[in-house]
Colleague: 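Below is a structure I'd like to ask you about.
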Amino acid sequence: MARATLTATSLLLFVFDICLRGAFGDYGGGWQGGHATFYGGGDASGTMGGACGYGNLYSQGYGTNTAALSTALFNNGLSCGSCYEMRCGNDPKWCLPGSIIVTATNFCPPNLALSNDNGGWCNPPLQHFDLAEPAFLQIAQYRAGIVPISFRRVPCMKKGGIRFTINGHSYFNLVLITNVGGAGDVHSVSIKGSKTGWQAMSRNWGQNWQSNSYLNGQSLSFQVTTSDGKTVTSYNVVPANWQFGKTFEGGQF
């Protein structure tokens, strides 16, 4: 009888865990250790642009709670858009209480001329976040320079839908994808014109996705899949009279 009760309890806990994962996403488990520094100035103007291709982080809605990831975390750009909760740890002289949530918007390149513990903070295999200065100052004092942190992946909470900015030219459609909720990091994209079937796009760099089809004069639909395997399909979110350089909003995770 006790064994049956134990089995039923284990099954219930298993189902509960699956439900939690479905609701909040399984973004890599619990807290991990790393370090954080800062860059970009007091107004974070030096964080604009970057290796994810997001451009102006203010107008794109990312603000100043952003981070450049070390090689170990950046995943050659596939981690762009992922969100992390972090807190300063075990350094009462420099740490401030509480935690922040930041979005990955840039790459912190390695400096192999310096040792990992003396300036080469973003060298492999270190898990390092170079935070926008205003974000860093929420968890640590300016004079600290570098602090130990605990961090974990968390779902991204975004306002509005996924945004598609179409750049390039005919036969070279370069679509920047921003404001992605849920896992946040886009791993595959498909595009469909009103006169075509679904076509897989290739990632050009950061979160810029490329199609070499002629899609002028067609309404466009997108399928976006993030690292957790979830997909959002946005049908006909781009009207047939679209122009290069414009941004369109679709569904959201």
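This chain uses plain numbering: 1 for the first residue, then up along the sequence.
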Colleague: Under 6.0 Å from the CG atom of Asn76, do we count more than 12 heavy atoms belonging to anything else shown?
Modeller: no
Colleague: Establish, from distance only, whether the side-chain atoms of Tyr214 and Asn173 form a donor-acceptor pair under 3.5 Å.
Modeller: no
Colleague: So, do Val224 and Thr231 sit near enough that their side-chain heavy atoms are less than 4.5 Å apart?
Modeller: no
Colleague: Considering non-hydrogen atoms only, spot the tightest contact between Gln127 and Ala72 and give its length.
Modeller: CG-CB, 4.4 Å
Colleague: Measure from the ring center of Phe38 to the ring center of Tyr142 and say whether it is less than 6.0 Å.
Modeller: yes
Colleague: To check you understand the geometry: which heavy-atom pair defines the closest contact between Gly98 and Arg87, and what is its length?
Modeller: O-CB, 3.5 Å
Colleague: Would you mind reporting whether Asn208 and Val175 have side-chain heavy atoms less than 4.5 Å apart?
Modeller: no
Colleague: Can you name the nearest heavy-atom pair linking Gly89 to Cys95, along with the distance?
Modeller: N-SG, 3.6 Å
Colleague: Got a donor-acceptor contact below 3.5 angstrom from the Gln218 side chain to the Ala240 backbone?
Modeller: no
Colleague: Same cluster for Val232 and Phe222 if Ile/Leu/Val/Met/Phe/Trp/Tyr side chains link at under 4.5 Å?
Modeller: yes
Colleague: With no hydrogens and no angle check, do the side chains of Asn179 and Glu249 hold a donor and an acceptor under 3.5 Å apart?
Modeller: no
Colleague: Checking side-chain contact (heavy atoms from CB on, under 4.5 Å) for the pair Phe107/Ser79: CA distance, chi angles, key distance, verdict?
Modeller: CA-CA 10 Å; Phe107 174 53; Ser79 293; over 6 Å; no
Colleague: Same cluster or not: are Leu137 and Ile100 linked, directly or through other Ile, Leu, Val, Met, Phe, Trp or Tyr residues, by side-chain heavy atoms under 4.5 angstrom apart?
Modeller: yes
Colleague: Quick one: do Val189 and Leu215 end up in the same hydrophobic cluster if we chain Ile, Leu, Val, Met, Phe, Trp and Tyr together by side-chain heavy atoms under 4.5 Å apart?
Modeller: yes
Colleague: Atom OG in Ser202, atom CG in Leu174: separation rounded to 0.5 Å?
Modeller: 9.0 Å
Colleague: Looking only at heavy atoms, which two atoms of Pro134 and Gly42 are closest? And how far apart?
Modeller: CG-O, 3.3 Å
Colleague: Quick one: closest heavy-atom pair of Cys156 and Ala183, and the distance?
Modeller: SG-O, 4.0 Å
Colleague: Under the 3.5 angstrom rule, does the side chain of Asn111 hit a backbone N or O of Ala113 as a donor-acceptor pair?
Modeller: yes
Colleague: Please walk me through it: do Leu220 and Ile191 pass side-chain contact (heavy atoms from CB on, under 4.5 Å)?
Modeller: CA-CA 7 Å; Leu220 304 178; Ile191 189 171; 4.3 Å; yes
Colleague: When you measure from the side chain of Arg143 to the backbone N and O of Trp94, does any donor-acceptor pair fall under 3.5 Å?
Modeller: no
Colleague: Determine yes or no for a side-chain-to-main-chain donor-acceptor pair under 3.5 angstrom, with Gln138 supplying the side chain and Leu96 the backbone.
Modeller: no
Colleague: Donor-acceptor pair, distance only, cut-off 3.5 Å: does the side chain of Asn123 make one with the backbone of Pro110?
Modeller: no
Colleague: Quick check on the hydrophobic clustering: are Val180 and Val237 connected, directly or via other members, by side-chain heavy-atom contacts under 4.5 Å?
Modeller: yes
Colleague: For Leu69 and Tyr84, run side-chain contact (heavy atoms from CB on, under 4.5 Å): C-alpha distance rounded to whole Å, both residues' side-chain angles, the deciding distance at 0.1 Å, then the answer.
Modeller: CA-CA 11 Å; Leu69 306 187; Tyr84 301 83; 3.8 Å; yes
Colleague: Should Trp31 and Glu85 count as side-chain neighbours, where that means a heavy-atom distance under 4.5 Å?
Modeller: yes
Colleague: Using 30° and 60° as the class limits, which term best fits the ring planes of Tyr235 and Trp198: parallel, tilted or perpendicular?
Modeller: perpendicular
Colleague: Are any side-chain N or O atoms of Ser82 and backbone N or O atoms of Ala104, one a donor and one an acceptor, separated by less than 3.5 Å?
Modeller: no
Colleague: Any heavy-atom pair between the side chains of Val186 and Trp209 that's under 4.5 Å?
Modeller: yes
Colleague: So does Arg153 pair up with Asp185, basic N to acidic O under 4.0 Å?
Modeller: yes
Colleague: So which atom in Leu131 and which in Ala36 form the shortest heavy-atom distance, rounded to 0.1 Å?
Modeller: CD1-CB, 4.1 Å
Colleague: Considering only heavy atoms from C-beta outward, does the side chain of Phe74 approach that of Cys52 to under 4.5 Å?
Modeller: yes
Colleague: Can you get from Val102 to Val147 by hopping between Ile, Leu, Val, Met, Phe, Trp and Tyr side chains that sit under 4.5 Å apart?
Modeller: yes
Colleague: Stepwise, does the side-chain contact (heavy atoms from CB on, under 4.5 Å) test hold for Met201 with Ile177?
Modeller: CA-CA 12 Å; Met201 303 184 76; Ile177 300 179; 5.9 Å; no
Colleague: Keeping Ser70 on the side-chain end and Cys108 on the backbone end, is there a donor-acceptor pair under 3.5 Å?
Modeller: no
Colleague: Out of curiosity, Gln210 CD to Arg203 CZ, how far, rounded to the nearest 0.5 Å?
Modeller: 12.0 Å
Colleague: For the CG atom of Asp130 and the OG1 atom of Thr66, what is their distance to the nearest 0.5 Å?
Modeller: 9.5 Å
Colleague: Is Pro125 close to Asn116 at the side-chain level, that is, under 4.5 Å between some pair of heavy atoms?
Modeller: yes
Colleague: Calculate, to the nearest 0.5 Å, the distance between atoms CD and CG belonging to Gln243 and Asn216 respectively.
Modeller: 10.5 Å
Colleague: To the nearest 0.5 Å, how far apart are CG in Leu114 and SG in Cys122?
Modeller: 11.5 Å
Colleague: Please work out which of the three classes, parallel, tilted or perpendicular, describes the rings of Trp121 and His128, given edges at 30° and 60°.
Modeller: parallel
Colleague: Under a 3.5 Å threshold, yes or no: a donor from one side chain and an acceptor from the other, between Lys192 and Ser213?
Modeller: no
Colleague: Do Lys246 and Phe248 make a side-chain contact, defined as non-hydrogen atoms from C-beta onward lying under 4.5 Å apart?
Modeller: yes
Colleague: Quiz question: by atom type and distance under 3.5 Å, do the side chains of Gln32 and Ser150 form a donor-acceptor pair?
Modeller: no
Colleague: Taking the side chain as every heavy atom from C-beta outward, state whether Val238 and Ile166 have any atom pair closer than 4.5 Å.
Modeller: yes
Colleague: Hey, does the side chain of Asn56 reach the backbone of Ser59 with a donor-acceptor pair shorter than 3.5 angstrom?
Modeller: yes
Colleague: To the nearest 0.5 Å, what is the distance between OG (Ser219) and NZ (Lys195)?
Modeller: 9.5 Å
Colleague: Going by the angle between their ring planes, with limits at 30° and 60°, are Trp242 and Phe244 parallel, tilted or perpendicular?
Modeller: perpendicular
